[in-house]
Every structure is written in C-alpha cells, then in structure tokens.
Amino acid sequence: MAPTPAVSVVLPQSLLFSLPFALIGIDEYGLIDTWNLAAEHLLGHIADDVIGCPMPFDLDVERALQHGTPPGCAVLSIGGDDAGERTAICVEFRIAARHPSGWTLTATERHVETGQQNREGETMETKAASRPRESAEGRFRELLEAAPDAIIEVDRQGHIVLLNAVTEKLFGYSREELLGRNVDTLIPTAAGDRHAAHRASYWANPQTRPMGHGLTLVARRKDGSEFPVEISLSPVKTGKSFRVTAIIRDATMQRVAEEKIRAANLQLEQRNREVERANRLKSEFLASMSHELRTPLHTIIGFSELLAEEAEGPLNEKQARFVRHVHQDALHLLELINDVLDLSKIEAGRLELQLDAFDSLEVLNDALGAIHPMAEAKHITTANRIRGPLPIFADRVRFREIINNLLSNAVKFTPEHGSVWIEREPAPDDMVCFTVGDTGIGIAPEDQEAVFDTFRQVGSTTRGVREGTGLGLAIVKRLVEMHGGSIRLESERAKGSRFSFTLPVSRAVKADKPVVLTIEDEPSARELMQSYLSPYGIRVEMARNAREGVARARELRPDAITLDLLLPGGTGWSVLRDLRHSPDTSGIPVVVISVLDEEQAALAQGAVAYLRKPLKRESLIRVLREHCPERFGKIVQVSSTEAPSGK
C-alpha cells in the first residue's frame, strides 16, 4: 500500500471531511484541534470527544513531534468502552509540521503479510477480530443506502458528517458538497435563525421525536427551490457525546393530497349547507303555505257535500256521481297535502307536541270506528284486543294520526276476508307498546328497512295500484320518536305484518313535579333560576356547558328547558339545533334566556320564547304556563317554608 502523504496546509472544511484517510491536527501544546470523518471511522473516536485533548492512543507521538520523524505503525485497540469488547487494528501514521504552528498527523489502516505480523505487532487474533467490525460497518452502509428516505447525521456544531444517496437525490447536492457543511445549508434562509434556536433546544433535551410537531416544515434544494418535508430526529450516542440523526421525507405529494382532501371537504361542507338551506327554505315555505293550500280544498269539500245533500234541488244520477268523485278526490288530495305539510313541519322543527295524559283506549276505538267502512267494503274484520283503561302521556292528535296511518295501511294491504287488529305488548315500565297487526300480503325482508323512508312505497295495494305519497310511515316514525318512543316491523310475505311502537305512560303515574332543565354556565344565574322556580314546586336540574346540557336533556326529558346562548364547550345555538333535531328532545319547549338581542333568530331555530336578561320571575312563569300548560298551568307559589329544595 502506498504511504499516505503528510498534509501540512490548512484545508477547507468540505475537503477535510471528504478525505479518504484519517487526518488529525495537533496544536503547539500537543492537543488535538482537527479530527476528520475518516479519523472517526478508523480510530473509533468522534471529534466532539477528542478536540482539545491529547492523543487518545499510547503512541510515541511526543518523540515524533520533537524530532520530526514518523512514528511508523502501531497496533491500536479501538471501539467499545471501558467494559465492552474492543478491536485491534494496525495503523500507519505519518506526521508533518503545520504552518504557522502545530502538526498534521495522517493515518491509514495497514494490512500486513502473515510473515510480518510479529514484526509489525499484529497477530492473527487481531486480524480475525477486525472482520466482525468490517462486516458490521458494511452492513450499516448497505442499510443506510437502501433506506427510502434521506438520512443525515449532524454533529454538535451542526456539520453534516454522514448522508446517504437519497439525500443527494432529494437536495441536488453531491456527497462531497454536503459533507462538512452546516445543516443550515438545507434550511430556507428565512427560517435560519429559528432553526439555530430549535437545534440548541434539541441538544439541551435530546430525544427521539418528530421535528416541529404541529408546524409545516420546509427544506431548500441546491437550486434554491423549497419543498415540504417531514423530519424525525434521533440522538445517537458516540463515546462521551452524541450526534443527531435526521430522517427526512419529501412530503410534497402528501401535502398535495391533503390540500385536495381539504378542498373537497370545504366544497362538500358548502354543498351540505346549501342543501340544508334549500331543505329548510322548502320546509318553511310548505309550512307557511299550509293555510293557502288547505283553504280552497275545504271549500271544495264543503260545497261538494252540500251538493250531495241536494238541499238546493235534486241531482240526476250522473250529476250525483260527479259530485261524489269531486268529494272523494278532494279528501284524498287534502290527506296528501296534510302528509307533506306535517313532514315539512317536522323537518323544519316547527311541529310542537301538545303533550297531555289521557286514556288511549278511547282514541283507539274512535280510530277503528273511522276505518270500519273501508274495512267492511273488503269484508275485513277489525278488533281492539286491549281491555281496560291504558293511560299514556302523548299528543292526542298526533297519537290518532299514528294509529290512523297504521290502520289505513293495514286495510289497504290486506286481501278480502282478512283481519286487522290492535293489541298491547310487553314494554319497559315507563312505556306502553301498541301493535297494529294484519293478515295482509306482507313485506319482503329486503324492503323492510326502507318502509320508513320518505316517498318510499315498497308494494302495491291489494287492488294492484300504488296509493298515497309514501310519507305515511315516515311521518309515523318521526312522530313516535318525537314522543321518545321507537317503532319496529315484523313481516313475512303472504302472512301479514305487525307494526309495534312505544309511547310514554302517563306522567301522572311517574312524576308528580314538573321538571325544568337550566343550561347555564354562571353559578349566580343558576342559583337565581333555582330561587325563582323552587317556590312553585318545580324541580330544577342544572347543566353547566353545551355538551352536558344536550346529554342531560336526553337523559331527563324535562318538561321545559331554559337555555343561555353563551356557553363553554359550544354555543347555545348548537344546543338548540341538537335539541330540535333529536327525536328524544324535539318536543321539549326551549326558552332562551340571554343578554344578546337575538330573539328572531332563536324563534326561527325552534325556541318557543325569548327572554332578555336581567330576567323577571313573572315573565318566566308566564312563558312556562303558556307553552306547557299541562305541566305548568296549575303551578302556584308556596310559602318559603314549604318550598322544596332544589338540586
């Protein structure tokens, strides 16, 4: 092997790091001031550990420094620590004076022939011991170059001391250009100062972690272009110090994909808002047109009935038939309009339940009586199998609508000489379960989930035609859920169907005091509400934020809710929206109490009343009595000694 030349000039930093042989600089005091990357690899000590220290090996360097003669070859024990395994290698040193002071020492590993081993101090054991080290280093280099991401290693001064081929490709620099350069070369100029501060902070607390958590990181190529990156940092211990390994991944494609997803989500959100707004406007329009649509129909129905009575003179057979057609079709049209308007009111949150305790048996018998002519025309038997009083707490009109829809469908889809009936089934203690059954044509399993969808008709009647709008069962489901109940279907083709739904039992059975849920974050305001309502025998429950308010409303199902618009964890608007769109709470009157002047907006979103702070007790009691008379209509103030204590 040709001897390594002694270097006696000061080399640029980049060239120093790229030299293929170990180069060590020694100052006039015999202390190391230069230690390049090849020296680290050959001699097993990193620059941070040896700079400013004497030579770490037992060499006769002192004599060489004094007399200017080369020390020749030496067997060195390198690697490991005081307690670990070390490796012996044969190293050839050359030395030269350095201008203006000090010396330069170069070193290379020397491979000697077998016959020279004893003379040069290298044994067979030493040579064998070096093979695992060489193998491990080769394997490390293979893994480094096979990595899919850029990998660099940086010393404490910020100099790049190691990099792989992906780093060259990603940044556009050659390996020789980057070795020894400061890592700030790869950082945009605008971020240079911040990066230096971040680097110092990392050295103070080194740990494996992503760099710049929560920040958008940008790197700079050789041509000056910038691109987004993701960086993971890991401290690597080397002797008494450590370096930092950075794994750098080009995040350009990921950022592009994220931006596309973000844009798509924004577009979807905008479309959803537009659809929601269109639906709301449609529902509001239909609900507001209720009077205009129904009034002409009532006139047509009324006058056709008068004509049929022949009070102003007899009609011939043809005229009487025409009048019957007009009357029947007007009634049918009115039924369809009522369905559309009811559904629109429910969707717009403008359908309020007038809850009251009553005996359901009376309504059931009336509904069966009304459907009897239609059933009799097909020779269908009808029966109410419920015996004795059965009190429930519901909206009487809407309960009748539920029963009418289910009975009408049962008769329509039951062949002649079939049966339709109403019965009671087991249910939880606070609920009553009603079932409307028939021996009709049944519903196929694949259609059963769709029967409650709007404008969905899953089959023809026994006359072979489709009737109605497909809204009846959708309305039934929503009305049942508004009461806090549920509905289910059991059916089999050619064997009939059973629609079962639950409604609450009479509150006279399960509650003797009206309940108000107050959603308010201010303790003084909650205490004031307690002092206002408790003397009237009203139980007051509290919620301190938006999320708790919605959860407690669903849990308690109070008789009324008072709501502040300024809440932690969400606004009162979000609470109002959630309450109105949840079947469990949509029928509960909500009174907004706020310092804001937002009365019209609150009423438009479903509040029954709006009271401005400071609140007057008389106004609150009047609103409760007005909008929930069945629970608050008869409340009276008791003396302070009789007032119940609130929670």
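As a basis for the values below, the full set of heavy atoms in this structure was taken, side chains included, without hydrogen atoms, waters or symmetry mates. Please read all numbers here as calculations on a predicted model, not as lab measurements. We number each residue from 1, following the sequence as shown.
Not counting sequence neighbours, Ala257 has no partner by the side chain to side chain contact (heavy atoms under 4.5 Å, CB included) test. Judged as a salt bridge (Lys or Arg N to Asp or Glu O under 4.0 Å), and not counting sequence neighbours, Glu274 has no contacts. For Leu331, the side chain to side chain contact (heavy atoms under 4.5 Å, CB included) test picks out Ile301, His327, with sequence neighbours left out. For Asn404, the side-chain hydrogen bond (donor to acceptor under 3.5 Å, both in side chains) partners at least two apart in sequence or on another chain are Arg400. Glu599 pairs by the side chain to side chain contact (heavy atoms under 4.5 Å, CB included) definition with Leu603, Tyr610, not counting sequence neighbours. Residues passing the ring-ring contact (aromatic ring centres under 6.0 Å, His included) test with Phe434 are Phe399, Phe501, sequence neighbours excluded. With sequence neighbours excluded, no residue satisfies salt bridge (Lys or Arg N to Asp or Glu O under 4.0 Å) with Glu309. Take Asn365 and apply the side chain to side chain contact (heavy atoms under 4.5 Å, CB included) test, not counting sequence neighbours, and it matches Leu361, Asn384. Contacts of Glu598 classified as side-chain hydrogen bond (donor to acceptor under 3.5 Å, both in side chains), with partners at least two apart in sequence or in another chain: none. Remark: Lys613 pairs with Glu520, Asp564 by the salt bridge (Lys or Arg N to Asp or Glu O under 4.0 Å) rule, at least two apart or across chains. Remark: Arg612 engages Asp597 in a salt bridge (Lys or Arg N to Asp or Glu O under 4.0 Å) (not counting sequence neighbours). Remark: Thr381 pairs with Ser419 by the side-chain hydrogen bond (donor to acceptor under 3.5 Å, both in side chains) rule, at least two apart or across chains.
With Phe632 as the aromatic partner, Arg625 does not meet the cation-pi criteria of under 6.0 angstrom to the ring centre and within 45 degrees of the ring axis.
Under 4.0 Å is where a charged nitrogen must lie from a carboxylate oxygen, and between Glu269 and Arg273 at least one such pair does. Salt bridge absent: Glu259 and Arg255 never bring a charged side-chain N and a carboxylate O closer than 4.0 Å.
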Practice problem: Step by step, work out the side chain to side chain contact (heavy atoms under 4.5 Å, CB included) result for Met431 and Leu503. | Solution: CA-CA 5 Å; Met431 305 295 283; Leu503 292 178; 5.5 Å; no

